[in-house]
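Some notes on the structure that comes next.
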Amino acid sequence: MSVSMKDVDPAFRGVGQKDGLEVWRIENFKPIPVPTSSYGKFYMGDSYIILKTTALKNGSFRHDIHYWLGKDTSQDEAGTAAILTVELDAALGGRAVQYREVQGSETEKLLSYFRPCIMPQPGGVASGFNHVEINQQEHVTRLYVCQGKHVVHVKEVPFARSSLNHEDIFILDTENKIFQFNGSNSCIQERAKALEVVQYIKDTFHEGKCEVAAVEDGKLMADAEAGEFWGLFGGFAPLPRKTSSEDNEDDKETVTKLLCFNQGTLEHISFESLEHELLETNKCYLLDCGAEMYVWMGRGTSLQERKGASEAAEKLLIDGNRIRSNVVKVIEGFETIMFKSKFNKWPPTPDLKLSSEDGRGKVAALLRSQGLDVKGLMKAAPVKEEPEPYIDCTGHLQVWRVNGNDKTLLSPSDQSKLYTGDCYIFQYTYTGDDKEECLIGTWFGKKSIEEERTSAISLASMMVQAAKFQAVQGGLSSGYKNFITVNGIDDDTYIEAGLALFRIQGSGSENMQAIQVDAVSSSLNSSYCYILHDGNTVFTWTGNLTTSLDNDLVERQLDVIKPDLPSRSQKEGKETDQFWELLGGKSKYSNQKIGKEHESDPHLFSCILYKGNIKVKEIHHFTQDDLMSEDIFVLDCHSDLFVWVGQEVDAKLRSQSMDIGEKFLLHDFLMENLSKDTPIFIVTEGSEPQFFTRFFTWDSARSLMHGSSYQRKLAIVKGGATPLLDKPKRRTTAFSGRNTGQDKSQRTRSMSHSPERHRVRGRSPAFTAIASAFENPSTRNLSTPPPAVKKLFPKSGGSDLSRISSKQSAISALTSAFEGPMKSTIPKSVKASPEAEKAIQEEGSTVSASENDPEDDEGGTIYPYERLITTSDDPAPDIDVTKREVYLSSGEFKEKFGMTRASFNNLPKWKKNRLKSDLQLF
């Protein structure tokens, strides 16, 4: 598309350079900027243009343009707004999505910008009405109807009993009191959202000083507030019900039509099946779907052609008396998910970044010639984010391999090697902000059998129940931890003394992998480093496109795979003959640069199961308030999938939470080519882990309130105290998980270049912390730099940590009861062992050391090793649990650690912690 400066209104030059909103009002057919203080204030006689700029994590901007038409705006103003949005899109580089918004029928995306609602005021420039400030008006009693579970459409209706019905929520705003009338057929979620409008009216029109009353449909004059409400309508009378024509108004079937805009006229395109091939890049099309209309603009069309297609869409709606319909205008290559879903099959979108940036560059050059700052028009620098663990990564890890209905505990040295033919259960305990936390989860090898996967889930569930749900259940994806995935080529058995080739990848010391691949030269890639071994021969191979970080990861993985053998370094292009001989000879391999993707922005969806199918609705610009206690939501974070379950969800639907997550992946609603092996976590309201709440501005007190979402918000709006649940400090089951140890040769970063394959998902900060626990502690060379450990939760000291020790003892004692064969059924409740009960009962107690406690030869109090370990049945009292080793006698210290205290004290901190963890002293 060619752009001329005369085609771009001066008001749009240099806009869209930062994250946020920009608003213009149409005055005399020109866009006039609206002051920031007036954002969200709309007048019925005006037309507005709203630009939403979103800064993405990959460094680029996403633009959404909306033009809003008040019910009293003129057709000329409406047409001007439609054309100006095309100009604004041109100024932004020609890839924004444009939305036609009509008062009372706004899209949820637009309403999400101006929460809790848009309440247009009388007035307008073109109509001759005066814009009157709200606070200067004499109060007039008004009646509003509210509709919507996630965002609220508010419409003023006549103040009369005939306006009320049983299906909707109504707000009556009087001078001294605001009434919310809840129709008997309205849902809890709609009532809760309407209360946000009540709060807005209270703050905006009453300066926060008025009473609020809730009136339930069906309560007659006997209720004081209901009597007062009906008295304003002249007394109670039965309400009318919606007619069948009203109920079916939105259910009318419409025939989808495709029209081509060709030289100023619309031509109908006949089709049996709506296919992508019907759209030509040098033309504009109108896709009429009834309730909404789409304007598709090919990248080869001119600005004037796009303006003409927009005018044609407006005229088509006016002539058909469909002025309330929404119009969405999309550019080829940047279509919305909803538009693509209208077609029988939509091919993968080609990489248009270069052409898009080229278009933005041309616009930038034009504006630069006018002396304007065009920095924001070009792609911004990607946001560099270091992987940040959201749990303490110095905790204690235990891993079990599942064997049929049993599980076998692995030694610390074997925890870092997971086989693709097996299933594993892990338990990770670490210090939280004010308590000991525990994660219990499963890991499935790609080649594991279904029977063992089922057994692993059952065993993990039993461990959680055994801990009386004081542990949380989760999943750990093979892509997000320090480990080696090993598999044989012929017999699926890895032989340490045999031939094996490992690809090394990761983003840091806490997020790295060694993935076994076929030991042939075609497995190499210039973007990676590799470790090749055969018997006592060890090679490292460094691709020409690797970085210093990749080289560091190779050294760290050598400490795990072959710690006691020297290695020979091979630089790409300078390999020895012996190296190629081990790989069966030199052959062609990939030498293309593989880019690393950044973590993408998360998306929140409300989800329901209906007749076995999942229905979803995206929540735009979501907040914690969008998580309703009566619903289930899916948070797609592009590295994990969280299924959030509200406290008020019934037991049957709650049991289908994992099914909802799996169906979400199967349907791939965002058309991301999601892998079915993406980790899924079940998160329960009130027990959200830190790596879930980080996507919100989180207030934990809100999830601890009594009652439904409506009852909670009503208590807040009325000004009462926020009642808290009488819940124990230790959280209940927070989340459960499922993940698959996929063969990483099938999920490399290079797949981002192939739209037919599963796209690479960003790394998960949730488990980079746990990752470090999978390193082999006994084989790391002291010369290797320790991993940089970041702790989100500082450890407490003193007696609080004593209590933590008791809690950990309880968990360990309980879960140890399940080392035997798995029972055929899962009990509804599990009684704690006497040792665990004793540990729990002693929580919070403080026992001072006796004056007769023995002392070692260094003058300190000592205890036997059995009383100092974290799983002790008789834990030593009043000790610093972060330094359990100092209470060992000198002799026992040397026996357990294999060195003197002085030698131990000279070790780096990470090495100390690893040794202590192996001895259950950490």
Side-chain angles (χ1 to χ4, degrees), residues 12 16 20-27 31-34 38-54 62-89 92 96-121 123-127 146-148 150-156 250 286-295 309-311 313-318 320-330 336 338-339 617-621:
F12 298 146
L21 288 173
E22 294 174 82
V23 183
W24 297 265
R25 183 173 62 238
I26 307 302
E27 297 182 13
I32 305 300
V34 173
S38 297
Y39 284 4
K41 185 187 298 183
F42 295 91
Y43 291 91
M44 300 177 185
D46 289 335
S47 297
Y48 296 81
I49 295 177
I50 302 99
L51 169 63
K52 171 62 176 176
T53 302
T54 304
R62 182 181 68 234
H63 295 105
D64 294 290
I65 305 172
H66 306 255
Y67 59 104
W68 184 89
L69 310 176
K71 70 180 186 67
D72 297 324
T73 193
S74 66
Q75 291 187 8
D76 289 339
E77 273 196 357
T80 300
I83 294 173
L84 286 174
T85 57
V86 180
E87 292 186 20
L88 176 56
D89 171 58
L92 295 169
V97 180
Q98 306 160 47
Y99 301 85
R100 179 183 189 266
E101 310 279 0
V102 180
Q103 180 182 337
S105 300
E106 296 87 355
T107 62
E108 293 196 356
K109 181 184 281 286
L110 176 69
L111 292 175
S112 70
Y113 305 154
F114 305 103
R115 292 175 183 253
C117 63
I118 292 176
M119 298 184 68
Q121 302 300 308
V125 174
S127 62
C146 300
Q147 298 172 326
H150 307 296
V151 293
V152 188
H153 288 87
V154 180
K155 176 184 177 182
E156 185 176 354
D250 297 331
L286 273 63
L287 183 64
D288 189 355
C289 302
E292 68 274 341
M293 181 182 294
Y294 294 90
V295 179
S310 297
E311 291 179 305
E314 287 287 331
K315 187 176 186 301
L316 191 63
L317 293 179
I318 294 173
N321 195 25
R322 298 163 52 195
I323 59 174
R324 301 185 66 81
S325 296
N326 294 113
V327 176
V328 181
K329 292 178 275 188
V330 296
T336 64
M338 287 301 297
F339 177 80
K617 179 184 286 290
E618 184 170 4
I619 312 300
H620 301 283
H621 305 98

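Numbers here are sequence positions counted from 1. Just the heavy atoms: all of them, side chains too, but no hydrogens, waters or symmetry mates, feed the values below.
- Side-chain contact check for Tyr294 versus Met338: some heavy-atom pair is nearer than 4.5 Å.
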Q: In sequence, state the C-alpha distance, the side-chain angles, and the governing distance for Arg322 and Met293, and then conclude on side chain to side chain contact (heavy atoms under 4.5 Å, CB included).
A: CA-CA 11 Å; Arg322 298 163 52 195; Met293 181 182 294; 4.2 Å; yes

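- Taking each heavy atom of His63 and Gly16 in turn, the nearest pair found is NE2-O, 3.2 Å.
- Separation of atoms CD (Glu87) and OG (Ser310) is listed at 10.5 Å; rounding is to 0.5 Å.
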Q: Take Tyr67 and Ser47 through the side chain to side chain contact (heavy atoms under 4.5 Å, CB included) test and state the conclusion after the steps.
A: CA-CA 7 Å; Tyr67 59 104; Ser47 297; over 6 Å; no

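- Contact of the Asp89 side chain with the Ile65 side chain is registered, since non-hydrogen atoms from C-beta on lie closer than 4.5 Å.
- Of all heavy-atom pairs between Val102 and Ser325, the closest is CG2-O, 4.1 Å.
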Q. Could you walk me through whether Tyr99 and Leu110 pass the side chain to side chain contact (heavy atoms under 4.5 Å, CB included) check?
A. CA-CA 9 Å; Tyr99 301 85; Leu110 176 69; over 6 Å; no

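- Asp76 contributes atom CG, which lies 12.0 Å from atom CD1 of Ile26 (distance to the nearest 0.5 angstrom).
- Trp68 and Gln103 are not linked by any side-chain donor-acceptor pair at a separation below 3.5 angstrom, with hydrogens and angles left out of the test.
- Residues Asp64 and Lys109 have side chains in contact (heavy-atom distance under 4.5 Å, counting atoms from C-beta outward).
- In this structure, a donor-acceptor pair under 3.5 Å is present between the side chains of Glu101 and Thr107.
- Within 6.0 Å of atom CD in Gln75, 12 or fewer heavy atoms from other residues, nucleotides or ligands are found, so the atom counts as exposed in its surroundings.
- Closest of all the heavy-atom pairs between Val152 and Cys146 is CG1-CB, 3.7 Å.
- Counting only heavy atoms from C-beta outward, the side chains of Tyr113 and Val151 never approach each other to under 4.5 Å.
- Under the 3.5 Å distance criterion, the side-chain polar atoms of Asn326 are matched with a main-chain donor or acceptor of Ser105.
- Between the CG atom of Leu111 and the CD atom of Glu108 there is a distance of 7.5 Å, given to the nearest 0.5 Å.
- His620 and Ser112 share no side-chain donor-acceptor pair at under 3.5 Å.
- Residue Gln98 forms a side chain to side chain contact (heavy atoms under 4.5 Å, CB included) with just one option from Ile49, Thr85, Val330, and that option is Thr85.
- Atom CD1 of Ile50 and atom OH of Tyr39 lie 10.0 Å apart (nearest 0.5 Å).
- Nearest heavy atom pair, residue Val154 against residue Cys117, reads CG2-CB, 3.6 Å.
- Of the inter-residue distances, the one linking Thr53 atom OG1 with Leu92 atom CG reads 6.5 Å to the nearest 0.5 angstrom.
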Q: Check the pair Lys41, Tyr43 against side chain to side chain contact (heavy atoms under 4.5 Å, CB included), reporting the backbone distance first and the verdict last.
A: CA-CA 7 Å; Lys41 185 187 298 183; Tyr43 291 91; 3.4 Å; yes

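- Smallest separation of non-hydrogen atoms from Ala82 and Lys329: O-NZ, 3.1 Å.
- At least one side-chain heavy atom of His153 sits under 4.5 Å from a side-chain heavy atom of Glu106.
- A salt bridge does not link Arg100 to Glu292: none of the charged side-chain nitrogens sits closer than 4.0 Å to a carboxylate oxygen.
- Residues Val327 and Leu317 are in side-chain contact: their nearest non-hydrogen atoms beyond the backbone lie under 4.5 Å apart.
- No side-chain N or O of His66 forms a donor-acceptor pair with one of Tyr48 less than 3.5 Å apart.
- The CD atom of Gln121 lies 12.0 Å from the CG atom of Asp46; values are rounded to the nearest 0.5 Å.
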